[in-house]
Novice: 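Before I ask anything, here is the structure I am working with.
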Amino acid sequence: MAKTEKLCIALLAGGKSGEREVSLSGAAIFEQALDPDKYTIRRYDPASDLEFLARDSQKIDFAFILLHGLYGEDGSVQGMLDLLDIPYQGSGILGSAVAMDKNLAKVLYQTAGIPVAEWRVLSRADQNECDQIIENLGLPLVIKPVRDGSSLGLSIARQKEQVYEGVASALKNDHRVMLEKFVAGREITVSVLGNEDPVAMPVIEIVPGDEYEFFDYNAKYLPGASREICPAEIEEQLALEAQRYGVAAHKVLQLSGYSRTDIIIGGDQSMYILETNTIPGMTRTSLLPQAAKAHGLDYSALLERLIELGLEAQAKGRG
């Protein structure tokens, strides 16, 4: 690690995924939040700057990854940073890759006793199995790419024809598609902070605007499109149960640093885990920073804590 007065941070933002603009928005706020007396920031866009990142590696003390989706949240950038011996925040190659694969994540959730909705996975060669899946799981179905984020390619099919349309659309984002039994209910999210002994932060409820059927890309990122309630106005027992599931998901997926797990509370108060994000959005109004603020960490303090946890994970040998 370079020996300088200030910690030299490589800020990785932009990238090649469909979430590039979200990444760039978070990066602009990140640069304003870190104390300039403690940190020097060098910015790199993996879409064009990987050569420069490698060249500068000896000058870099830490990398902060603000990349979402493929080629950022899936373990690929984490692997490059490991090869360059640059510490970074969040999960390593294994946890990042497994959490990104919604099918593998669900399998692991089940081994830890974490409830999930029934699902099936199709490839392009299996599209003729849609009728059988409809018969087995019923309608509506949630259709989404196995490996992508921000609800890209996600749809809800309430009729048979919509299933075929949704599968075709999701296959534009990935070569495998998940069809999941739809659960009507309230959507909440649990953010977790820590390495070996992670702590769940206050639960947030997400209420999309009336014009949105679910928390899709626009509902997530258009100002005023959704309402977030933090802490969620749910019974204490439900909040504690959700927090336990968030921590359990973090552990079974072999994650470190932080994560955010999305959950549906069904009409009978049963919970179903949807997915876990290993690099959640990091604008000041994103869900994880909101939870951290309710937990007692303002935005700048949250960033510093993530850097501390990343350095700790590197020192102990990141999994």
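Numbering starts at 1 and runs along the sequence shown.
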Novice: Looking at side-chain heavy atoms only, is the closest gap between L70 and M100 below 4.5 Å?
Specialist: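 They are in side-chain contact.
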
Novice: If I take atom CD1 from residue I86 and atom CG from residue L83, how far apart are they, to the nearest 0.5 angstrom?
Specialist: 10.5 Å

Novice: Please tell me if the side chains of E165 and I143 come closer than 4.5 Å, counting only heavy atoms from C-beta onward.
Specialist: no

Novice: Using modelled atom types and a 3.5 Å cut-off, is there a donor and acceptor pairing between side-chain atoms of K6 and backbone atoms of P36?
Specialist: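 Side chain of K6 to backbone of P36, a donor-acceptor pair under 3.5 Å: yes, one is there.
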
Novice: Look up atom CG in L179 and atom CD in E118, then write down how far apart they are to the nearest 0.5 Å.
Specialist: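 It comes to 12.5 Å.
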
Novice: Short question: side chain of D262, backbone of L274 - any donor-acceptor pair under 3.5 Å?
Specialist: no

Novice: Would you call F62 and Q314 a side-chain contact if the rule is heavy atoms closer than 4.5 Å?
Specialist: no

Novice: Just by distance, do the side chain of Q162 and the backbone of Q159 share a donor-acceptor pair under 3.5 Å?
Specialist: yes

Novice: Salt bridge or not between K160 and D131? Use side-chain N to carboxylate O under 4.0 Å.
Specialist: yes

Novice: Using modelled atom types only, decide if a donor and an acceptor are shared between the side chain of Q78 and the backbone of G72 within a distance under 3.5 Å.
Specialist: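 Pair found, side chain donor or acceptor close to backbone of G72.
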
Novice: With the threshold set at 4.0 Å, does a side-chain nitrogen-carboxylate oxygen contact exist between R305 and E308?
Specialist: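 Counted as a salt bridge, because a side-chain N and a carboxylate O are separated by less than 4.0 Å.
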
Novice: Please find the pair of heavy atoms, one from A13 and one from S23, that lie closest to each other, and give the distance.
Specialist: CA-OG, 3.4 Å

Novice: Can you pull the ring-ring contact (aromatic ring centres under 6.0 Å, His included) pairs that have at least one residue in residues 152-183, sequence neighbours excluded?
Specialist: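 Non-adjacent pairs meeting ring-ring contact (aromatic ring centres under 6.0 Å, His included): zero.
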
Novice: Pair V142, W119 - check side-chain contact (heavy atoms from CB on, under 4.5 Å), show working.
Specialist: CA-CA 9 Å; V142 180; W119 83 100; over 6 Å; no

Novice: Would you check, one step at a time, whether the test side-chain contact (heavy atoms from CB on, under 4.5 Å) holds for Y44 with D56?
Specialist: CA-CA 10 Å; Y44 301 87; D56 296 342; 2.7 Å; yes

Novice: What is the minimum heavy-atom distance between P289 and L302, and which atoms define it?
Specialist: CA-CD2, 3.9 Å

Novice: Minimum heavy-atom separation for L288 to P280, with atom names?
Specialist: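 Nearest heavy atoms, L288 then P280: CD1-CG, 3.8 Å.
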
Novice: Is there a donor in the side chain of Q89 and an acceptor in the side chain of Y258, or the other way round, less than 3.5 Å apart?
Specialist: yes

Novice: To the closest 0.5 Å, what do you measure between NE2 (H250) and CG (L255)?
Specialist: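 Answer rounded to 0.5 Å: 5.5 Å.
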
Novice: Looking only at heavy atoms, what is the nearest atom pair of A242 and I263, with distance?
Specialist: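 Scanning both residues, the minimum pair turns out to be O-CD1, 3.9 Å.
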
Novice: Hey, what do you get for CG (L81) to CG (L53), rounding to the nearest 0.5 Å?
Specialist: 6.0 Å

Novice: State whether the side chain of D61 and the backbone N or O of C8 hold a donor-acceptor pair below 3.5 Å, judged by distance alone.
Specialist: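 Yes, D61 side chain to C8 backbone: donor-acceptor pair under 3.5 Å.
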
Novice: Between the side chain of S91 and the main-chain N/O of S256, is any donor-acceptor distance below 3.5 Å?
Specialist: yes

Novice: Output the distance between atom CG (L7) and atom CD1 (I41), rounded to the nearest 0.5 Å.
Specialist: 10.5 Å

Novice: Any ring-ring contact (aromatic ring centres under 6.0 Å, His included) pairs touching residues 7-38, not counting sequence neighbours?
Specialist: F30-F64

Novice: If hydrophobic clusters are built from ILVMFWY residues whose side chains come within less than 4.5 Å, do V167 and I156 share one?
Specialist: no

Novice: Is it the case that one hydrophobic cluster holds both L50 and I279, taking links as side-chain heavy atoms less than 4.5 Å apart, direct or via other members?
Specialist: yes

Novice: With distance as the sole criterion, is a donor-acceptor pair present between the side chains of S270 and D268 under 3.5 Å?
Specialist: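 Yes, D268 and S270 have a side-chain donor paired with an acceptor closer than 3.5 Å.
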
Novice: By the salt bridge (charged side-chain N to carboxylate O under 4.0 Å, His left out) test, which pairs, at least two apart or in different chains, include something from residues 23-33?
Specialist: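 Passing the test, one end in residues 23-33: E31-R43.
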
Novice: Taking side chain as C-beta onward, heavy atoms only, is T111 less than 4.5 Å from V252?
Specialist: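 Result yes, sub-4.5 Å side-chain heavy-atom pair found.
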
Novice: Out of the candidates L94, T278, L108, only one should pair with L253 under the side chain to side chain contact (heavy atoms under 4.5 Å, CB included) rule; please name it.
Specialist: L108

Novice: Apply side-chain contact (heavy atoms from CB on, under 4.5 Å) to L67 and S17, showing your working.
Specialist: CA-CA 8 Å; L67 302 166; S17 82; over 6 Å; no

Novice: Does I188 share a hydrophobic cluster with V199, counting links as ILVMFWY side-chain heavy atoms below 4.5 Å and allowing steps through other members?
Specialist: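 Different hydrophobic clusters.
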
Novice: Check the pair E180, K102 against salt bridge (Lys or Arg N to Asp or Glu O under 4.0 Å), reporting the backbone distance first and the verdict last.
Specialist: CA-CA 11 Å; E180 182 180 63; K102 298 180 183 68; over 6 Å; no

Novice: Does any N or O in the side chain of T283 come within less than 3.5 Å of the main-chain N or O of G26, such that one atom is a donor and the other an acceptor?
Specialist: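 Side chain of T283 to backbone of G26, a donor-acceptor pair under 3.5 Å: no, none is there.
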
Novice: Identify whether Y299 and L34 are in the same connected component of the hydrophobic contact network (ILVMFWY, side-chain heavy atoms under 4.5 Å).
Specialist: yes

Novice: List the atom of L141, the atom of L137, and the distance in Å for their closest heavy-atom pair.
Specialist: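 In this case the closest contact between L141 and L137 is CD2-CB, 3.7 Å.
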
Novice: Thinking salt bridges, do E129 and R120 make one under a 4.0 Å N-O criterion?
Specialist: no

Novice: Taking S123's backbone N and O only, do any of them form a donor-acceptor pair with R176's side chain (distance below 3.5 Å, no angle check)?
Specialist: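 No, R176 side chain to S123 backbone: no donor-acceptor pair under 3.5 Å.
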
Novice: Give the minimum heavy-atom separation between N195 and L309, together with the two atoms involved.
Specialist: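 Taking N195 first and L309 second, the nearest heavy atoms are ND2-O, 3.0 Å.
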
Novice: Say you draw a straight line from CG of L238 to CZ of R186; how long is it, rounded to the nearest 0.5 Å?
Specialist: 8.0 Å

Novice: Can you confirm whether Q110 is buried at CD, in the sense that more than 12 heavy atoms of other residues, nucleotides or ligands lie under 6.0 Å from that atom?
Specialist: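 More than 12 heavy atoms, drawn from other residues, nucleotides or ligands, come within 6.0 Å of this atom.
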
Novice: Under 4.5 Å between side-chain heavy atoms, hopping through other hydrophobics if needed: is there a path connecting V177 to L139?
Specialist: yes

Novice: Within the structure provided, determine whether L193 and L306 are in side-chain contact (heavy-atom separation under 4.5 Å).
Specialist: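 Heavy-atom side-chain distance check passes, below 4.5 Å.
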
Novice: Do S300 and D35 have side chains that get closer than 4.5 Å, going by heavy atoms?
Specialist: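 No, side chains not in contact.
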
Novice: With the side chain counted from C-beta on, respond yes when L240 and Q243 share a heavy-atom pair under 4.5 Å apart, and no when they do not.
Specialist: yes

Novice: Main chain of R260, side chain of N277: is a donor-acceptor contact present, judged purely on distance under 3.5 Å?
Specialist: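 A pair under 3.5 Å: yes.
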
Novice: Is the number of heavy atoms from other residues, nucleotides or ligands under 6.0 Å of N128 CG greater than 12?
Specialist: yes

Novice: Return yes if some donor-acceptor pair links the side-chain N/O of S25 with the main-chain N/O of E21 below 3.5 Å, else return no.
Specialist: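 At least one qualifying donor-acceptor pair exists.
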
